[in-house]
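Before any comments, here is the structure.
What you see is a predicted model, and the numbers here were worked out from it, not measured in a lab. Below, read A as the first sequence line, B as the second, and so on, with proteins coming before strands; counting in each chain starts at 1.
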Amino acid sequence: MFVEDLRNDFYNVLLGNRVLLLVHYDVDAICTCKILQGLFKCDNISYTLVPVGGVAELKNAYEENNEEIKYVVLVNCGGTIDLVDILQPEEDVVFFVLDSHKPTDVCNVYSDGQVRIVYKDNEENIPNFDDIFRDDEEEDEEPTESGMEALEAAVERRRERRAWEERRHTLMFNYTQFSYYGKPSACVALEIAWLVSRCGGAALWAGSVSAASHVALASRPPAQCLLDTDALHRRVASAQHTPSDTSCRVVLEKDAWLPLYRSWSLEAALGHAPALAPHLRLHSHAGAARLRQLLADMGFPLQQARQAYRSMDVELRRSLLPSLEASTDKHKLPVPTRAAFLLQRPHAPPLAAHDLVYAILALIEHESIPKGEGFQLALDALESEGGLSEGARIGLEAAKQALGAVARAAHDTLAARRLHLAGPFSYFIVQEGGSGAGWLRGAGWVGILARWVSAGTGGARPVLACTSLTPTHCLLLGVPPRSHQEPRNLFGAAFEQAATKSGVTVSLDHLDSSIITLPTAQRAQFLDALTALLA
Amino acid sequence: MFAEKVIELLKEAERNQDTIDPFNDEKIRQILEEMQTLFKMNMNDANATSENKSLWTTVQVRHSALERNKRCLLAYLYSRMEKIKTLRWEFGSVLPPDVRELLSDDEYEWFSKYSTNLASYMRSLGQDIGYSGIDLTENLRPPKALYMEVVCAADYGKLELSDGDVVMLRKNSRHFLPAAECQTLVRQGVLKQIL
C-alpha cells in the first residue's frame, strides 16, 4: 500500500505515538534519519532509533524493541523483503517503509495497511495485483459434478492455471531481475519536512548530502540524479532569499567534483577522485606523468599543487575551476565540475556535500571504529550549526585514508593484472594484509573500488569484487557494465540462482542484493556456477 | 576605636559573596567581649555620677557603638542564613561534610529545621489533585524541552517509563525520551545526552 498524502497519512499518524526508527547503514539513510529526527524533536514524538546492517539485524532489532510499539518507520531497509513474513508482527503494528532499494517486494506493495510505502516511485513497473495474486479457493469448489464435462472443465481450469502461473513467473522475473536504487529517501523526507513547514537549513543540508551521495556512489543514472534534486534546488534557492536567523546556509554552486580537495592538496585530490583518476590511468607507468602534465596544463606548479589547498596561492585557487575545465577537456577526461551543494559557514571554509558523503561512508565503514559508534559520529557529522563537528573532523580524516586505500588497491589490481577474466564478467580479489586493507571490508568502499577498476578497464564488462571479511568468509560484490551510466544491477538475481545451482551456502543478508557473503573455501565453486549461468 | 572588629568581620564576609566562609568564632567572641566592656563602663559611669552631666556624652557615644556592634553582628548572621538557605536548594537535605564544617552548631540546627520545613511543604503540594508532592528543587529553572535526545553508552536492558512504555536500552541506540525519565540514567552514565 502506498501513502498518498504524506502529511495526513504518514506524519500526522505518527504524532503523539512512540515510533521505532530502523535505519540502514548508508549515507542516504543517515541523512533521512537526521531530517526525521529534527521533525520528531519539534513535535515531541518520542522515538527509538536503531541502526541495522542487514536482514538479520533488522529482525533482531525489531524483536528487541517491539514492546508497546505500534508504528515502525524503516529507512532504506525492509522494502525489498516481505516484512510481514519475516518480522511476524502483531496485527495492529504499522510499518512505514521509506526505502530507496528497488524493486519493492510485491507483498509490501499489496499489503492492506500493515505495510505502507511512503513514496511511490513511478519508475517501477509493479505488476498488477490480479496478475500475481489469485484466490486458490476455486480449486476446492464443485467436485460434485460428474461425467466428461466436469473432467473437461477441470482440465481446462488446470491449463488456464498453468498459463497464468507461467505468466506470473515471467512478470515476476522481469520485475525482480535488476536491483537498483530509487529516488533518495532524504528527498522524500525533505518533502515531508516541507509539508509540515519545517524545512530549515539543517534539513536542506542533510538532503543535499544525500543527493550528493547518489551521484558520488553512482547509485542512480546521472540524469535521474539531476531530476531527483529538482525540488531540492528550488528549496535551496528560496532559502537563499529569505533572511535566516542562523549564520550557516546551503548554497548551490559550480564546484570541482574532486573528493575532499578543500582539506587535501590538489594533486592528492586529483589522484584520488573516483570519477577522474581511472581515466588518468594512474596505475600505469605513464599515469604519474599524465597527472603532472594535467597540472602543468592547468598552470599549477607542482609545489603549489602538493601543498594543502587552503594555503595555496589565492590566484591559483580562484582560477581552479576554469583551468581544470579547460585542461581536462584537452586531455579528453570527463567533465570534473558540476553544480554542487556547499555549506557556507562563518569564519570557516565552506563544506562540500560530496566531501561529507565520503566522510560519512568512512565513519560507518571505519577501519577501527565499530559500526554502531561510527553511526553516531556520522549523525554528528551532519550537524550544520556550530563549526566543524567532531564527527565531521574524524570522518574527513578517515575518508582520506580510505580513498588512499581504495586507490592503492585499484592500482595494484590493475597494474599487476589481477583482474581475471571469467567468461561474461571479470573479477578480482582484494589482497589481504596490504596497507589499508582494513578499509576494504565494507560494501561502500569495495563498491567504489570495483567501479574504479571497472572504469579503469573501459567499463564495458561487469566486474565482481571479492574481499575477505573474516578468515573464513568473504564478501562478493557485483558491478554492472557501464555502472556510471546504467546502475541497474543484474547480479542480485544472478547470485541467488548461482547459489541454488551450486549449492553453496550463501548469505543474502545484505539489503542490496548485489552484495553477498559466502565461505571463502567455496568461492571458486560459486564463481564457476556464476560463469555457467551468465554465459 | 569602637566597632573596629565588627567592620573587619563584615569586610571579610563581603569578600566572597557567593560562597560561605567558616563561622568566625574567634572574632565574634572578641566583639562580644568588647560589647561587654562597653556595657560595664557605661553601667559604672551611669551609676556613679548621676549629677555629673559632663559624662553623659561619653555614655551616649559608648551606647551607640554598642548598638552598632549589635546591628552589624545581626547583619552578619542574617547574610549567612540566606546563604545557608541556598545551600539547601543546591545540595539537598544532606550537606557534604566539608560544607557542614563551615557552619556553627546553631546554624546547623537552623538548617535542619529549614530542611524539614521545606520537605514537608513539598510533600503537601498537589495533594488535592492526586500527586504525592512535587520536588521543587528538581528544576530550579523551567526546562527548555520536555524531551531529550540520548544515546546509550552501555547495554542496560529494559527501562519502563512512567506511562507504561518499555524501552530497550542497547548500546549505540538513540532514544528521544521524556527528560525526567532519563535524568538519573544520564547521571549514572548509562545514557549520554546529545545537545
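- Contacts between K41(A) and chain B at a heavy-atom distance below 4.5 Å involve backbone atoms as well as side-chain atoms.
- Between atom CZ of residue F176(B) and atom CG of residue D43(A) there is a gap of 9.5 Å, rounded to the nearest 0.5 Å.
- When heavy atoms are compared at a cutoff of 4.5 Å, I69(A) does not approach chain B at all.
- Remark: T48(A) OG1 to M168(B) CE distance equals 11.0 Å, nearest 0.5 Å.
- A heavy-atom distance below 4.5 Å is found between the side chains of R18(A) and V167(B).
- Comparing N172(B), D165(B), L177(B), V150(B) by heavy-atom pairs within less than 4.5 Å of chain A, the highest count is held by N172(B).
- For K192(B), the NZ atom counts as loosely surrounded, since its 6.0 Å shell holds 12 or fewer non-hydrogen atoms of other residues, nucleotides or ligands.
- For Q37(A), the part lying near chain B is the side chain, with the backbone staying farther off; criterion is any non-hydrogen pair under 4.5 Å.
- Residue F375(A): no heavy atom, backbone or side chain, is found under 4.5 Å from chain B.
- For the options K158(B), K171(B), M148(B), heavy-atom pairs under 4.5 Å to chain A are most numerous at K158(B).
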Show your working on side chain to side chain contact (heavy atoms under 4.5 Å, CB included) between Q376(A) and R174(B) and close with a plain yes or no. CA-CA 8 Å; Q376(A) 307 298 338; R174(B) 276 200 189 206; 2.6 Å; yes
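- Only the side chain of V151(B) comes within contact range of chain A, with heavy atoms under 4.5 Å apart.
- Here OG of S173(B) is found 10.0 Å from CG of L20(A). Values are rounded to the nearest 0.5 Å.
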Can you check side chain to side chain contact (heavy atoms under 4.5 Å, CB included) on Y47(A) and E149(B), steps first, answer last? CA-CA 9 Å; Y47(A) 60 78; E149(B) 194 182 355; 3.3 Å; yes
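- The number of heavy-atom neighbours closer than 6.0 Å to CZ of R71(B), taken from other residues, nucleotides and ligands shown, is 12 or below.
- More than 12 heavy atoms of other shown residues, nucleotides or ligands fall within 6.0 angstrom of atom NZ in K83(B).
- Residue M43(B) qualifies as open at atom CE: its count of foreign heavy atoms under 6.0 Å is 12 or below.
- Taken to the nearest 0.5 Å, the CG atom of N60(A) stands 8.0 Å off from the CZ atom of R170(B).
- Within a 6.0 Å sphere centred on CD of E82(B), heavy atoms belonging to other residues, nucleotides or ligands number more than 12.
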